[in-house]
2 protein chains.
Amino acid sequence: MEEKDHLREELNEKLVEFFDRFTSWESSVIESGNMKISDAHAIEILGHHGRMNMKELACRLGITTGTTTMAVDRLERGGFARRVRAEHDRRSYIIELTEEGTLAYEEHHRHHLNLAGEIASVLGEDDTRTFIEILQKINEHI
Amino acid sequence: MEEKDHLREELNEKLVEFFDRFTSWESSVIESGNMKISDAHAIEILGHHGRMNMKELACRLGITTGTTTMAVDRLERGGFARRVRAEHDRRSYIIELTEEGTLAYEEHHRHHLNLAGEIASVLGEDDTRTFIEILQKINEHI
DNA sequence: ATCGAATTGTTTGATTATCAAACTATTTGG
DNA sequence: CCAAATAGTTTGATAATCAAACAATTCGAT
């Protein structure tokens, strides 16, 4: 049982360090573009999951709808996104990326793929596949 | 080469999802205590790496020293940390956790170990070891 | 069909986090 | 010994956030 505790400690240690490194990598990538972190996060979500209404965007961003209103105002002012009235519910808006917003998303996505590529080349093909399977299992259960 | 691209895409996909889940797990743990995220982050760093001066803390938090001054003021007011004059440099303060701060850190650390334990039990012992090795390799190279 | 309750998004008012730049006190190096 | 560098604080401005009140619309029970 002491053995299991040790494994747990070690896993936590590596996870926290990994998380820290990933976080600061993400910040530096975003700041190297001329984009604020919060805007970049919204663009990332819209690019990844596609158009959605304010409520869903707020939920995915983990902020209130009020704050999301401000964020989307900013994105519209910057030319990255637009509000479109929802067809079947006139209370609701669908937020979608403009062409410029899509370009910004693709630029960001390229950075992500570069990182993934670097990781894959460090691990080699077999370990990369194993890593993907492990992450998949964790994502399903956590 | 198309094969490699696909692997990269898949790895990125899983990494981003994992990162998202870990982030919202962390937020919910912190908010379940009555702690602000930024304070919790400082306490985590002080608990993990031990006492350090303002500059190092600022650097590890990824914020300016000015902002760190405010953060440490808050921690002192809340009874979680204290400033101690550095022995050999009277410009400098060493920031350390109080007993209450240490308890808060240990509480947070327990949550982390629980998550690590959950992950370990989902993966089983062999995959957990593999996962740790992989994370280790990535942390060394990224 | 209608009306009260629920839902969607916005506004408002307050608070907090943040930065850059100016500042103070101290140390360091030539 | 003094100029430059360094550690931390203060200041003034801005951005991000929340909770609560609000308006417009939809839903559901009767």
Side-chain angles (χ1 to χ4, degrees), chain A residues 23-24 26-28 30-46 49-96, chain B residues 23-24 26-28 30-46 49-96:
Chain A
T23 302
S24 60
E26 182 87 12
S27 304
S28 75
I30 288 171
E31 278 155 20
S32 80
N34 33 21
M35 180 77 62
K36 306 268 177 212
I37 303 263
S38 59
D39 292 350
H41 199 185
I43 287 175
E44 214 181 330
I45 287 173
L46 288 168
H49 295 96
R51 60 216 296 282
M52 64 187 71
N53 67 17
M54 296 294 289
K55 195 190 178 184
E56 185 177 352
L57 181 56
C59 175
R60 286 193 190 273
L61 284 167
I63 59 182
T64 63
T65 56
T67 303
T68 306
T69 294
M70 300 301 183
V72 171
D73 285 352
R74 236 178 6 256
L75 291 180
E76 278 199 320
R77 249 181 286 128
F80 295 106
R82 68 172 79 89
R83 288 171 168 90
V84 181
R85 293 232 73 125
E87 293 208 0
H88 299 305
D89 186 343
R90 301 207 303 157
R91 291 168 304 181
S92 193
Y93 291 100
I94 304 298
I95 317 304
E96 60 184 23
Chain B
T23 301
S24 60
E26 182 87 12
S27 303
S28 75
I30 288 171
E31 278 155 19
S32 82
N34 33 22
M35 182 77 62
K36 306 269 177 211
I37 303 263
S38 59
D39 292 350
H41 198 186
I43 288 175
E44 216 181 329
I45 286 172
L46 288 168
H49 293 97
R51 60 216 296 282
M52 66 187 68
N53 65 18
M54 297 293 288
K55 196 189 176 184
E56 185 176 352
L57 182 57
C59 174
R60 285 194 191 273
L61 285 167
I63 60 183
T64 63
T65 57
T67 304
T68 306
T69 294
M70 301 299 183
V72 171
D73 285 353
R74 239 180 2 259
L75 290 179
E76 276 197 321
R77 250 181 286 128
F80 294 106
R82 68 172 77 89
R83 286 172 169 88
V84 181
R85 293 232 73 125
E87 296 207 357
H88 300 304
D89 186 343
R90 303 205 304 159
R91 291 168 303 182
S92 192
Y93 291 101
I94 303 298
I95 316 305
E96 59 184 24

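Just so it is clear, the values below take in all heavy atoms, side chains as well, and ignore hydrogens, waters and symmetry mates. Predicted model only: the values in this text are computed from it and were never measured. We name chains A, B, ... by the order of the sequence lines, and we start the count at 1 in each one.
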Go through the structure and list residues passing side-chain hydrogen bond (donor to acceptor under 3.5 Å, both in side chains) with [X], not counting sequence neighbours.
| X | value |
| --- | --- |
| Arg85(A) | Tyr93(A) |
| Arg82(B) | Glu96(B) |
| Arg91(A) | Asp89(A) |
| Thr65(B) | none |

Those residues that, when tested against Arg60(B), pass salt bridge (charged side-chain N to carboxylate O under 4.0 Å, His left out) (two or more places apart) = Glu56(B)

To the nearest 0.5 Å, how far apart are [atom1] in [X] and [atom2] in [Y]?
| X | Y | atom1 | atom2 | value |
| --- | --- | --- | --- | --- |
| Glu26(A) | Thr23(B) | CD | OG1 | 9.5 Å |
| Leu46(B) | Leu75(B) | CG | CG | 7.5 Å |
| Lys55(A) | Thr64(A) | NZ | OG1 | 13.0 Å |

With sequence neighbours excluded, tell me which residues meet side-chain contact (heavy atoms from CB on, under 4.5 Å) with Thr68(A).
-> Met54(A), Leu57(A), Ala58(A), Ile63(A), Val72(A)

By a strict heavy-atom criterion of less than 4.0 Å, which residues belonging to residues 81-91 of chain A are in contact with DNA chain D?
-> Asp89(A), Arg90(A), Arg91(A)

Taking only heavy atoms on the protein side, list every residue of residues 61-80 of chain B lying under 4.0 Å from any atom of DNA chain D, sorted numerically.
-> Thr65(B), Gly66(B), Thr69(B), Met70(B)

Mind listing the closest non-hydrogen atom pair of Ile95(A) and Ala81(A) along with its distance?
-> CG2-CB, 4.2 Å

Atom CG of Asn53(A) and atom P of dT7(C): how far apart are they, to the nearest Å?
-> 14 Å

Round to a whole Å and report the spacing from CE of Met35(B) to P of dT16(C).
-> 15 Å

Difference in axis direction between the ends of the helix from dA1(C)-dT30(D) to dG30(C)-dC1(D), five pairs, 10° | 30°

Positional range of nucleotides in DNA chain D within the contact set of chain A, heavy-atom, under 4.0 Å = dA16(D) to dT26(D)

Not counting sequence neighbours, list each pair that qualifies as a salt bridge (charged side-chain N to carboxylate O under 4.0 Å, His left out) and has a residue in residues 34-44 of chain B.
-> Asp39(B)-Arg74(B)

With the side chain counted from C-beta on, respond yes when Arg83(A) and Asn53(A) share a heavy-atom pair under 4.5 Å apart, and no when they do not.
-> no

